[in-house]
Amino acid sequence: MQLGLAIPLALATLAGVLGSHLAMPGAIEALAIGLLVVLAGRRVRLAMGLGVVALVAAQLLMVRGGELSPGLTRQDLRLEGRLVSVVRDERLARLTLAVTACRPLAATLPDCRGLGRVRLSFFDAPAMVPGERWRLTARLRPPAGFANPGAFDYRGWLWREGIQASGYVRREPPPRRLASAPFSPRRLALAHLDEQALAPHHRRWLAALTLGASERLETRDWDLLNATGTTHLMVISGLHVGLVAAFALWLARGLARLVTPRAWRLAVWPWWLAGAAAVGYAGLAGLEPPALRAMIMALVGLWVASGRHAPGPWQAWWLALALVLLADPLSAWRPGLWLSFAAVALLILVWQGRARPQGVSGWFRALVRSQLLLAPLMAAAVLLAFDRLAPAAPLVNLVAVPLVSSLLVPLGLLGWLTAWLPPLSTLCWTLFGLLADALASLLGLAATWLPLWLPAPSRVVPLGLALGLAALLWALPGLAARLRLVGTALLLGVPLGLSSSSPVPAEGLLRVRVHDVGQGQLVELRTAGYRVLYDTGPRFGSGFMPLGSLWPPGQRFDDVLISHADQDHAGGLPALREQHRVTRFLAPPGAALDVPAEPCTAGRAWRRDGVAFRILWPPAGRDGLSSNDRSCVLLASVGGDHLLITGDVGRDAERRFLAELPPGVTLLVAGHHGSTTSSGLSLVRRLAPRHVVFSVARDNPFGHPAGPVVRRFRDVGSCLWSTALDGAVTLWLGKKPHPGLRTERPAAWRQGGVGGGCLALESPH
C-alpha cells in the first residue's frame, strides 16, 4: 500500500462514520469524493475511498437498523446466541448476548432476525460462562435510557457498545445451554488467578492490568481512579501492549545478536516476533475495543520504528486511525479513541526532530516532560467527554505511569510467564500486591487533598478548549517561554473568569424539574435559597436507584417530602441518605420509612423566597385510607403561577380537597402516573392546567398514561409532556419573563408533535 493513501483512507473512513450517523450519506460521500480527488488524484484511490465510505456506513447502518422493532417491546422472544460477557452482582447476572437466531413466540408478531447484540438481566442465573451458546426466552425493549441534565447517557453507551435491545430473561420456558464454551486462554488465566492466595483487591488489579478484565474492578476502584485521573492505567492500552511488544523485541534482538553477531541489526524476524507478541497479548485480553485499538497502534508503531519502507509519524498516525475505525466503526463514539490519538499526536509534535534521550537521566527527563505536556491535553479531553476534572492527575501520573509501566505490569506479566513455577510466580505477585497497595494509598491521599472537580456546565467547553490550546502552545517548537506563560495565563483566565449560569433561580422564581426516573416519581423544586425534593424515585429489582445518578455526592436538600411509602416513590431513600444531606423529611403519618419524618398533613404551610408552599392532603387523624390515598398533596404558588403535585391519590380523595384548589394551574404533575384511578373529570375541569407532566417509563407495562386521562386533559387545552418521551421536564414559575419550559430530549425524539410547544400523547392501550 502506498503511504500517500493514509490520509485519504482515514478521511474516507470518517466520512462513512459521519454519513451513517447524520443520515446524510449522499452529502458526506460527496465531501469524501472531493477530498479524495484532491488528496489522491487517481482512479484506483477514488474507487477505494468510495468503497471504504460505503463499507463503514453500511456497518453502522446495520447496527442502527437492527435495533429492536417497537412492535416487539415486552413480547416473549426466543433467542439463540453466544455469551459475550457475564458480569455477576450477588443474585443478578448481566449478560451480553451475540444473537444468532431470534423469533417471537407469537406467530402474529413482526420478525426480529436483524437483532445482533442484546444486554440482558438474569436473576438467580445458573452457572454461565462467556463463549457458551444458549437458548433463552427474553422480553426486550429498544435501546433507551434516562434523560436528565448532566446525567450519564445510558442510551449513548448502548449505541457505542453496539447493543440493539435490552431486557430480562424469562424463567419459563427454562433457558438451555446449547454448547459449551470453546477453549479460552483468558478464561483459563482468570480461573487460575481466582485460585491464588491473594487479597481480593490484588486479584482485581492484577486481572485488570494484565488481562484487561476491567469488569472485575469494583465501584470504589473506579471512583478512586476517576478522582485521580488514572483510569487510563487500568485498561489494556497502548502502554501495556507496547510494553509486551518492546520486551519481545528486546529478547528477540538479543537472540539475533547471539546467532548472527555481524548482521543482527538487519534481521527482520525480531520485528515480526514483536508484532506477534502484541497480537497474542491483545487476543489474551479478549480483543475488546481498547485492546484492539492498542494492538493496531502498536503494530503501526513497530513498523515506523523498524524503518523498513515505513511511513513517517504523521502518516502512521492517520493510517492507525483509519485501521481502527475500519475494524470498529463504533469506536468513533468512544472517548477513549480520541484520548489515545490526541496523546500520540501531541507526543509526535513534541518529539519529532529531537535527538533520542541518552542514559537513565535523559530518559527520566523525557518522561517527566512528556507527562507534564500531556497533562493539560488529557485533562481537556476528559473534561469535554465526562464533565469532570481531576486536579491531582498531573502530579499523580508523574509517579503512577512509571510505577505501572516499569514495575506493576512487568511484575504481573512475569508472574504469568512463571506460572509453571509457583514459588517464583507467587513472589512476583506478592511484590505486585505491595506496590499496588502503595499506589492505592498514593491515589487515596491525592484524591483527599485535591478532590475531583465538577465545573459548572457553562464552563466545561470554554475550559476544555483553553486547556487543549494551552497544551498545544507548550508543545509547539520555537516559541519563547515568556510567550507560552502569558498565553497560558490568558487562555485559562478567560474561562475561569466567566460568570457561570447559576442553577439557582432568582428571588421570586420557582424552578420545577420533573426528573426522568422511569416508572416512578422524583420532582425537584428550587428557589433562591431553598431546595426540596418531592419523592425520591424508584428502586429497581437489581438494586439500582435512579436518584444515585442525578447529582454528584454531597448535595444538600432542605426538605424531602415523601408522598407515600410505595417503592416507585420512596425507593431512592437509601441512595439519598448515603450520598447527600437532608435537613428535614416529611411523610404521611404511619408511612413505613426508614427515616425519621415529620407528619405531612393538610394545613401545614411555609414560605421561602417569595414562594408559598401548602399541604392540602391527607387530613390529620384520618385512618382507614389506602397507601395511595394517604399521599401528600403539595401546592406551590408564586407570582400568579401554581404548581400541584398529587402523588397517587384517587379520584375520591381529589374531590375532597377540590374546593381548596385555585382555578387554573400552571403545572400539574399528573396523579398516579396518568392512571385512570386519578385525574378525575372534576379535577381536570377545575384546574384546566396549562401544562401536565406524566412521570412514566417508556414502554411501561401499565399503559400509563391511560387514554381516557390523556383525552380529558386535551379537551381542556392542556399541553401534555411525558418523561418517557421528553426526558426531564423543567419549568420556571413566577416573575415574568422567565425561561419557560424546557425538555431534556430534543424535539426529534418526540412522536406526534402538534405544534405550539405541546406534545400529542396517546395511550398505547
Side-chain angles (χ1 to χ4, degrees), residues 185-186 189 192-193 205-213 232-260 264-287 290-308 310 316 320 340 343-344 347 351 356-360 362-364 366-367 370 400-421 424-433 435-436 439:
R186 184 173 189 261
H192 175 74
L193 183 59
W205 282 41
L206 185 59
L209 273 173
T210 61
L211 298 176
H232 61 97
L233 298 176
M234 282 295 168
V235 295
I236 295 298
S237 65
L239 172 67
H240 305 76
V241 179
L243 281 172
V244 170
F247 181 68
L249 179 63
W250 177 73
L251 285 180
R253 298 199 83 188
L255 181 61
R257 191 169 189 173
L258 292 174
V259 175
T260 55
W264 69 275
R265 293 181 183 275
L266 300 178
V268 176
W269 64 267
W271 297 94
W272 285 102
L273 185 62
V279 173
Y281 182 55
L284 180 65
L287 268 186
L292 177 65
R293 178 175 68 244
M295 181 192 75
I296 292 174
M297 296 177 76
L299 291 176
V300 175
L302 284 170
W303 186 19
V304 173
S306 72
R308 289 171 169 80
S340 298
V344 173
L347 290 175
W351 290 108
R356 185 177 180 180
Q358 299 296 322
V360 175
W363 281 104
F364 177 76
L367 176 64
S370 298
V401 169
L403 179 61
V404 170
S405 60
S406 302
L407 293 174
L408 279 172
V409 172
L411 278 172
L413 294 177
L414 187 59
W416 288 115
L417 289 175
T418 58
W420 56 282
L421 291 172
L424 188 54
S425 176
T426 301
L427 175 62
C428 292
W429 285 345
T430 300
L431 292 175
F432 175 95
L435 291 173
L439 178 60

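FYI, the numbering just counts along the sequence from 1.
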Who pairs with [X] by side chain to side chain contact (heavy atoms under 4.5 Å, CB included), at least two apart in sequence or on another chain?
X: Ser306; answer: Trp271, Trp303, Arg308
X: Leu347; answer: Trp351, Ser370, Leu374
X: Leu413; answer: Thr210, Val244, Tyr281, Val409
X: Ala246; answer: none

Between CZ of Phe432 and CG of Leu407, what distance do you get to the nearest 0.5 Å? 11.0 Å

How long is the gap from CG on Leu414 to SG on Cys428, to the nearest 0.5 Å? 4.0 Å

Heavy atoms only: give me the nearest [X]-[Y] pair and the separation to one decimal.
X: Ala436; Y: Leu408; answer: N-CD2, 3.8 Å
X: Met295; Y: Ala278; answer: CG-O, 4.1 Å
X: Pro410; Y: Val404; answer: CD-O, 3.8 Å
X: Leu243; Y: Ser405; answer: CD1-O, 3.3 Å
X: His192; Y: Ala419; answer: NE2-CB, 4.2 Å
X: Ala245; Y: Ala274; answer: O-CB, 3.5 Å

Is there a side-chain contact (heavy atoms from CB on, under 4.5 Å) between Leu211 and Trp416 once you walk through the steps? CA-CA 10 Å; Leu211 298 176; Trp416 288 115; 3.6 Å; yes

Residues at least two apart in sequence or cross-chain that pass salt bridge (Lys or Arg N to Asp or Glu O under 4.0 Å) with Arg253, listed by chain then number, are none

Between Leu249 and Leu273, does the side-chain contact (heavy atoms from CB on, under 4.5 Å) criterion hold? Intermediate values first, please. CA-CA 7 Å; Leu249 179 63; Leu273 185 62; over 6 Å; no

Taking everything shown except Trp269 itself, do over 12 heavy atoms lie less than 6.0 Å from its CH2? yes

List for me each residue that meets ring-ring contact (aromatic ring centres under 6.0 Å, His included) alongside Trp205, sequence neighbours excluded, and say none if there are none. none

